[in-house]
Amino acid sequence: MFIVKFILLTFLMFSSLGYSSTAEEQDHYVNRGSYQLPEEIFDIKELNRVLFSELARESKDLKKAKYYLLNGKTKEAELHLSKLAYSHTKLRPIIHRYLGTLSFIQGRYEKSQIYLNIPELLNFPHHGKVCTLQILNQIVLNQINNLAINWDKCQLSNVAEFKVRNVVWLDTLVKIKTDTSEDVTKKPFTRIRLDTLQLRDLKILLKLSIYLNQDKMLLPGLELIQSEELKDHELREIMGHMYYRNGELVNAYRFIEDLKTPNAETMKGNLYVLRGKYELAYAQFKLALEMKHNSENALERLLPLAWILGDWKQGSIYAENLPSDLRYKAHKLTLLTAFMVQRGEFEKAEQILHYIATQTGQGTHLDVTQLHGFTKLMRSKPQEFAKEAKMSCSQYDLVSCWLLYQNVHWQDLPFVIRRKGEIEHTQNWKTLIATKENKPLTEKKFINQLDIEELDDQLIKLIPKK
């Protein structure tokens, strides 16, 4: 009875304080135990639409990056991969594999190693896909401490993929780093018959011989290759290149005559250059460049020919498209400026030369000062011209020394040089050379030499006495 009273008293106290149960709360209490979970309105893909869309975007960027890598467009590939560099999705191993490949292509081998050494790539199944590139990085960086061990592990990771002829390249490079014997580069080519190899293995071995400068060892064996295999254009191109390297130009042309590849066209151009037919060579190199727009071989040969043939417009384009790293950027810009000067684009040339002088630290080189001085002269800036010409003259450039003298002699040398029409001058020199005068010069003697000798004789007895 006491407990009932206590509960009733407590209820009254809370009611007086404003705590009363509403109808809704009573309904909840009554229906307790009969509630069920609501039906799913969204599936898992909808609930994670942000995650799925991000994954789809990353996958799309990866596909684009792979496409650009396969086509040699490193700048475009770098643009797409830079968006994914710090991603932590399940695609991270593939992203780092592509980043490592791109860095290797760009010559940033230490950076490539960093990308390839993340934990996800050190385990199966990714290790077998990146270990060969890791080995190449070690070879380039001269990291030979664990090179042989890592190469053995890499071969185990790819035991189902590697064949003996498939790894002859990399195996030879590893041995060059780890084997100290002198004939290590000759071992892959000793006691081997080229006519017994399959076409794919034959091309791999011939390319390796060219890379190791041992192609001369295989020249006698080229005659044994079956005619059926010679139908392969790539094989004929390689054989033509081997003959060309060893001075057998007739055989080289015989193999590449009807081939339409960038390398074959480049070799044809080289043969025309050796014969002095520069126009034909120029056309061949242009054809090679059309087939492969970033061909360094074609560009490096087109540039001197454009200068010889006076094709200043195309020369400027070739110089601008010539790939170069930061170490040789100033050389490339100087070459571009030379073509601009020939075309009369002095204002653009001056801007580039100013950049070379202020940003690259190579503004005092003779080629730069010569071009810089000439552009200043053509743009009527005699004081700035004098500064550049003085630097060229100090490097024994006689033309700059002569122009520097003329700049002092003439009141406005740039105006005189750029003035159109003939320069008027008198013909007094003709009168001077026509007049003949026979008036010898007579020197007035102020002191007789005999007097000096007599005075000296009194001191040192210069004149002997009889």
Side-chain angles (χ1 to χ4, degrees), residues 55-87 89 91-109 111-116 121 126 128-137 140 161 166 169-170 199-200 203-204 206-208 210-211 232-238 240-241 256 259-269 284-303 314 317-326 328-329 332:
L55 190 63
R57 184 189 65 79
E58 291 178 350
S59 178
K60 186 176 181 180
D61 283 332
L62 272 178
K63 291 178 181 177
K64 290 182 179 179
K66 183 177 181 179
Y67 169 80
Y68 287 127
L69 279 174
L70 291 174
N71 286 275
K73 298 181 179 180
T74 55
K75 292 183 179 179
E76 291 83 351
E78 187 175 11
L79 177 64
H80 289 281
L81 288 174
S82 62
K83 304 175 185 177
L84 310 171
Y86 301 100
S87 177
T89 64
L91 298 176
R92 187 167 182 262
I94 303 175
I95 294 170
H96 275 249
R97 177 152 59 94
Y98 287 0
L99 285 168
T101 305
L102 176 64
S103 297
F104 181 85
I105 294 172
Q106 294 175 332
R108 299 181 296 172
Y109 307 109
K111 192 71 174 179
S112 177
Q113 280 290 69
I114 294 173
Y115 283 128
L116 298 177
L121 291 177
H126 299 290
K129 297 178 181 179
V130 300
C131 64
T132 52
L133 192 55
Q134 289 175 327
I135 295 297
L136 286 173
N137 281 323
V140 174
E161 303 292 336
N166 290 352
W169 262 80
L170 198 52
L199 180 61
R200 183 173 182 273
K203 290 190 287 188
I204 291 174
L206 293 181
K207 288 180 180 179
L208 181 62
I210 294 173
Y211 177 75
D232 186 87
H233 287 183
E234 185 182 3
L235 177 61
R236 288 169 56 196
E237 181 183 305
I238 296 170
H241 187 63
I256 65 172
L259 298 183
K260 304 297 181 183
T261 62
N263 289 333
E265 300 295 349
T266 301
M267 277 190 283
K268 292 177 192 177
Q284 290 295 149
F285 295 135
K286 289 173 73 173
L287 187 59
L289 190 64
E290 289 178 4
M291 295 179 178
K292 186 180 180 182
H293 71 279
N294 59 346
S295 174
E296 290 190 40
N297 288 328
L299 286 170
E300 289 175 354
R301 288 157 177 78
L302 281 168
L303 279 167
Q314 286 297 118
I317 297 174
Y318 299 145
E320 193 169 0
N321 293 335
L322 183 68
S324 64
D325 54 22
L326 291 175
Y328 302 106
K329 186 177 181 180
K332 172 183 174 178

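By convention here, the first residue in the shown sequence is residue 1. Both backbone and side-chain heavy atoms feed into the values below; hydrogens, waters and symmetry mates do not.
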Around atom NZ of Lys111, are there more than 12 heavy atoms from other residues, nucleotides or ligands closer than 6.0 Å? no
Nearest 0.5 Å please: distance from the CG atom of Leu199 over to the CG atom of Asp232. 4.5 Å
When you measure from the side chain of Lys332 to the backbone N and O of Glu320, does any donor-acceptor pair fall under 3.5 Å? yes
Compare all side-chain heavy atoms of Leu289 with those of Asn321 and state whether any distance is below 4.5 angstrom. no
Taking only residues two or more places apart in sequence, or in another chain, which ones meet Glu78 in a side-chain hydrogen bond (donor to acceptor under 3.5 Å, both in side chains)? Gln106
Distance check, rounded to the nearest 0.5 Å: Gln113 atom CD versus Leu133 atom CG? 7.5 Å
How far does OH of Tyr318 sit from CZ of Arg301, to the nearest 0.5 angstrom? 14.5 Å
Correct closest heavy-atom pair for Thr261 and Met291 would be C-SD, 3.7 Å
If you take all heavy atoms of Gln134 and Leu116, which pair is closest and at what distance? NE2-O, 2.9 Å
Would you sort out whether Ile210 and His241 count as a side chain to side chain contact (heavy atoms under 4.5 Å, CB included), showing the intermediate values? CA-CA 9 Å; Ile210 294 173; His241 187 63; 3.7 Å; yes
Can you check whether Leu259's main-chain N or O pairs, donor with acceptor, with Lys268's side chain at less than 3.5 Å? yes
Does Ser103 use its side chain to pair, donor to acceptor, with the backbone of Gly100 at less than 3.5 Å? no
So Phe104 and Tyr109, would you call those rings parallel, tilted or perpendicular, with 30° and 60° as cut-offs? perpendicular
Would you compute the distance between atom NE2 of His96 and atom CG of Leu91 and round it to the nearest 0.5 angstrom? 11.5 Å
Is a side-chain donor or acceptor of Thr101 paired with a backbone partner of Arg97 at a separation under 3.5 angstrom? yes
Before you tell me yes or no, could you show the steps for Lys207 and Glu234 under salt bridge (Lys or Arg N to Asp or Glu O under 4.0 Å), namely the whole-Å CA-CA distance, both residues' side-chain angles and the distance that decides it to 0.1 Å? CA-CA 11 Å; Lys207 288 180 180 179; Glu234 185 182 3; 2.8 Å; yes
Can you confirm whether Lys66 is buried at NZ, in the sense that more than 12 heavy atoms of other residues, nucleotides or ligands lie under 6.0 Å from that atom? no
Taking all non-hydrogen atoms of both residues, which atom of Glu265 and which atom of Ala288 are closest, and how far apart? CB-CB, 3.8 Å
Smallest heavy-atom separation, Phe285 atom then Gly269 atom, equals CZ-C, 3.4 Å
State whether a side-chain donor-acceptor pair under 3.5 Å links Asn297 with Thr266. no
Do the non-hydrogen side-chain atoms of Leu287 and Glu290 ever get within less than 4.5 Å of each other? yes
Can you name the closest pair of heavy atoms from Ile256 and Arg236 and give their distance? CG2-O, 4.4 Å
Give the minimum heavy-atom separation between Ile204 and Trp169, together with the two atoms involved. O-NE1, 3.1 Å
Side chain to side chain contact (heavy atoms under 4.5 Å, CB included) evaluation trace for Leu81 with Leu62: CA-CA 7 Å; Leu81 288 174; Leu62 272 178; 4.2 Å; yes
How long is the straight-line distance from CD of Gln314 back to CD1 of Ile317, given to the nearest 0.5 Å? 4.0 Å
Separation between CD1 (Ile95) and CG (Asp61), nearest 0.5 Å, reads 9.0 Å
